[in-house]
There are 2 protein chains.
Amino acid sequence: MTLDQIETPAALINQPRMERNIVRMQSRMDMLGVAFRPHVKTTKCVEVAQAQRGAGARGITVSTLKEAEQFFAAGFRDILYAVGIVASKLPRALALRRAGCDLKLIVDNLEAAQAVAEFGRAHGEDFEVWIEIDTDGHRSGVQPDESRLLDIGRMLHGNGEPHGARLGGVMTHAGSSYDLNTPDALAALAEQERAGCVRAVGRLRDAGLPCDVVSVGSTPTALAAQHLEGVTEVRAGVYVFFDLVMRNVGVCTTGDLALGVLTTVIGHQVDKGWAILDAGWMAMSRDRGTAKQTQDYGYGQACTLDGAPLDGYMLTGANQEHGILANVEHPDRDISVHLPVGTRLLILPNHACATGAQFPVYHALLEDGEVVVWERFYGW
Amino acid sequence: MTLDQIETPAALINQPRMERNIVRMQSRMDMLGVAFRPHVKTTKCVEVAQAQRGAGARGITVSTLKEAEQFFAAGFRDILYAVGIVASKLPRALALRRAGCDLKLIVDNLEAAQAVAEFGRAHGEDFEVWIEIDTDGHRSGVQPDESRLLDIGRMLHGNGEPHGARLGGVMTHAGSSYDLNTPDALAALAEQERAGCVRAVGRLRDAGLPCDVVSVGSTPTALAAQHLEGVTEVRAGVYVFFDLVMRNVGVCTTGDLALGVLTTVIGHQVDKGWAILDAGWMAMSRDRGTAKQTQDYGYGQACTLDGAPLDGYMLTGANQEHGILANVEHPDRDISVHLPVGTRLLILPNHACATGAQFPVYHALLEDGEVVVWERFYGW
């Protein structure tokens, strides 16, 4: 298949850019002396995860048990399910471990830790559990200095004998890095993320609770960290494609963006300077992550098919299957001449995780111009 | 299956409420003396469309050719594809018509009309085409008084002999109705939508261009229209579930909302008064349609499982698989006591079309408490 044979809208991967992004992150992790565990929630695509593993990644991170099941079926064994486990999800986790999956769970509260241990005991399984640490206050996790950290650690460790659960590590995610946009602020948050997680594991170890893994990460902090002393592995997801939000955070350029939505001009409103596209929010997602950043890209930045941005042209509005394209810098009253009906464009997304999730497949454009179809899945 | 056996997150349909919404809209259309053609883009679910047909709907509206293909395969024959057609999509439209689907296309420009006629001639098919009319300036369509309306009409009509296309009707969608919130404003827009479409068809007929169908609609204008003289059919989609945006527009109450996301509390940040849920934006969608309305519901309104709103508790933040629930009126420092880990909640969505699209299946809760699974599809 070639580019002109793809029906629109379609999620197009620029495979050489993707490979470059993978190599960039893996090289950095190698240099910092830590293992790298990519978060595959961004793509939910086996071919992409295989490329990450091929470059040196060790294990994967998932956001749903369905991802764990699908990637395990595709040959990935070392899997971190990085959303706090609850009792109702333990049967599926058990099935995965019994099938041979080296599945790790996370908890940030005593109730969940107890539920895992009790369920594990009842079923003769020792679940490996990591404790989620809150290093930036943006979401979940136990703060490094909270007393309940040790309570949870003791619940998981027990007396060190098999008792349904075991303490495998600590992990944190400084998701507030998405709100920053200077190298100094990112480096400071990366250090805060590292130091908080290392402090937490120190408290556990000082209390006699062995804890091997120290796992940190987000795409911006992974790329900004100056050193990772005490850390054993890093996680990141969106770096594989990057997106306009990451461009505004300052960790990539528009030329690094490896995912775009291929779309066709289906009409115009000449008086308003609009072209109507067949990519609305069902294709782009409703993500407006750049709305609160320094450069607002609407629902996406328009490019020619080779990925060169059309300066000023962006998706200013989106209905379910209609996108409204306009030049926000210089209103274009000749837009029907410049971009006639049938013109194909590429729209760079605000958030690659959200946009990818709208599509059953990716179309990957290889170096030689060939296009291959890579399945992706969704649901829970 | 019963409610407590559903894994979270899940898209839960309150089936009695849905039936009530379907009857309400159909009765109104019967009273106004027009046919009703529901827009199935909201649900992409055969069981829901069958319920709409069972109540009296005639034909369906779709937003993608995939919907047309899927619903035709499920026994729906009279289908309007309500997004402007372009040349590259005509082979799929042809395949549907050749298989016996009574597929109607729409255009709002001469290039598209010409492309249809040429493709039809080349393949010995007479495509039925409707002209899209712009009655509120919110998106695509030809304005009723534009001269090109007649050019497009003539291109489609030809000399009345088979020539690849034929003019079947005019259609409009007053999507700006979502921005209103008073009965008077809605009734005025409904009249503007009706009058504009009737004016357009009058011009076509006066020019000797036969044009049978006059199709209007959006959920708010359908429910607000005082009369529909000159209109032959109405289209609406989201009414089947309603949502918080429609509640703010004023065409339903929270008690009419038939779609919610079933979710589980997985943790807390007690100092902040947060419960962390397993429904993030992957489940709710990124739609923030209530942000610019009089009542902002964040990413959704929390309810108990029977659909009773928990006043003040809403999703104030959403990451991919994490939702942050807080009481925005009275910060709840005892939230871990009120809503302990494992508690199940229902979250009413801002926009039912966007939230439904995140799920591979609906779980429909029937009157008798039984839960059945209804497939839905996605993609293009």
Side-chain angles (χ1 to χ4, degrees), chain A residues 7-10 41 63-65 83-89 92 107-109 111-112 115 132 134 137-141 175 264-269 272 274 276 278 280-283 285-289 317 319-322 324 336 340-342 351 353-354 357-361 378-380, chain B residues 7-10 41 63-65 83-89 92 107-109 111-112 115 132 134 137-141 175 264-269 272 274 276 278 280-283 285-289 317 319-322 324 336 340-342 351 353-354 357-361 378-380:
Chain A
E7 290 188 43
T8 59
K41 76 179 174 71
S63 68
T64 64
L65 287 172
V83 177
I85 192 77
V86 279
S88 56
K89 292 180 179 162
R92 278 174 82 178
V107 300
D108 74 349
N109 61 81
E111 298 92 317
E132 183 176 13
D134 175 14
H138 88 289
R139 190 171 72 194
S140 41
T264 304
V265 175
I266 63 170
H268 301 91
Q269 294 289 12
K272 299 179 174 126
W274 290 356
I276 310 293
D278 69 353
W281 59 252
M282 187 62 85
S285 91
R286 269 290 194 195
D287 199 287
R288 286 285 289 110
N319 294 155
Q320 187 158 337
E321 297 291 349
H322 298 79
I324 295 175
S336 66
V341 167
H351 188 176
C353 305
Q358 305 297 102
F359 291 85
V361 300
Y378 78 137
W380 286 269
Chain B
E7 290 188 43
T8 60
K41 75 179 176 70
S63 69
T64 63
L65 287 171
V83 177
I85 192 74
V86 279
S88 56
K89 291 179 179 163
R92 279 174 82 178
V107 301
D108 75 348
N109 60 81
E111 297 93 317
E132 183 175 13
D134 176 14
H138 88 287
R139 189 170 75 192
S140 39
T264 304
V265 175
I266 63 171
H268 301 90
Q269 294 290 12
K272 298 179 175 128
W274 291 355
I276 310 292
D278 68 354
W281 60 252
M282 188 62 85
S285 90
R286 270 291 195 194
D287 198 288
R288 286 281 293 105
N319 294 154
Q320 187 157 338
E321 297 290 348
H322 297 80
I324 295 175
S336 66
V341 167
H351 188 175
C353 306
Q358 304 297 104
F359 291 84
V361 299
Y378 79 137
W380 286 269

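When reading the values below, keep in mind they use all heavy atoms of this one structure, side chains included, and skip hydrogens, waters and symmetry mates. Naming: A, B, ... by sequence-line order, numbering from 1 per chain.
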Taking every non-hydrogen pair under 4.5 Å, which of B/Gly141, B/Gly175, B/Gly342 racks up the most with chain A?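 It is B/Gly141.
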Among B/Val107, B/Val83, B/Asp278, B/Val361, single out the residue with the greatest number of heavy-atom pairs under 4.5 Å to chain A. B/Val83
To the nearest 0.5 Å, what is the distance between CG (A/Asp134) and CD (B/Gln269)? 5.0 Å
Are [X] and [Y] side-chain neighbours, meaning at least one heavy-atom pair lies under 4.5 Å?
| X | Y | result |
| --- | --- | --- |
| B/Leu65 | A/Glu7 | no |
| B/His322 | A/Ser140 | yes |
| B/Lys41 | A/Met282 | no |

Examine whether an atom of [X] lies under 4.5 Å from a heavy atom of chain B, and if so say whether it belongs to the side chain, the backbone or both; otherwise answer neither.
| X | answer |
| --- | --- |
| A/Arg288 | neither |
| A/Val86 | side chain |
| A/Asp108 | side chain |
| A/Thr8 | both |
| A/Ala87 | neither |
| A/Val265 | backbone |
| A/Ile266 | both |

If you count heavy-atom pairs under 4.5 Å between each of [options] and chain B, which one has the most?
| options | result |
| --- | --- |
| A/Arg139, A/Lys89, A/Gln358, A/Arg92 | A/Arg139 |
| A/Ser63, A/Gly379, A/Ser285, A/Gly280 | A/Ser63 |
| A/Ala112, A/Ser336, A/Gly137 | A/Gly137 |

Partner residues of A/Asn109 under the side chain to side chain donor-acceptor pair (under 3.5 Å) criterion, sequence neighbours left out: none
Please classify the contact between [X] and chain A as side chain, backbone, both or neither, with a heavy-atom cut-off of under 4.5 Å.
| X | answer |
| --- | --- |
| B/Thr264 | side chain |
| B/Ile276 | side chain |
| B/Gln320 | side chain |

For A/Ala283, all residues meeting side chain to side chain contact (heavy atoms under 4.5 Å, CB included), sequence neighbours excluded: A/Pro9, A/Val261, A/Ala279, A/Phe359, B/Trp380
For the residue pair B/Trp281 and A/His351, categorise the inter-ring angle as parallel (less than 30°), tilted (30 to 60°) or perpendicular (more than 60°).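 Because their plane-to-plane angle is over 60°, the rings of B/Trp281 and A/His351 count as perpendicular.
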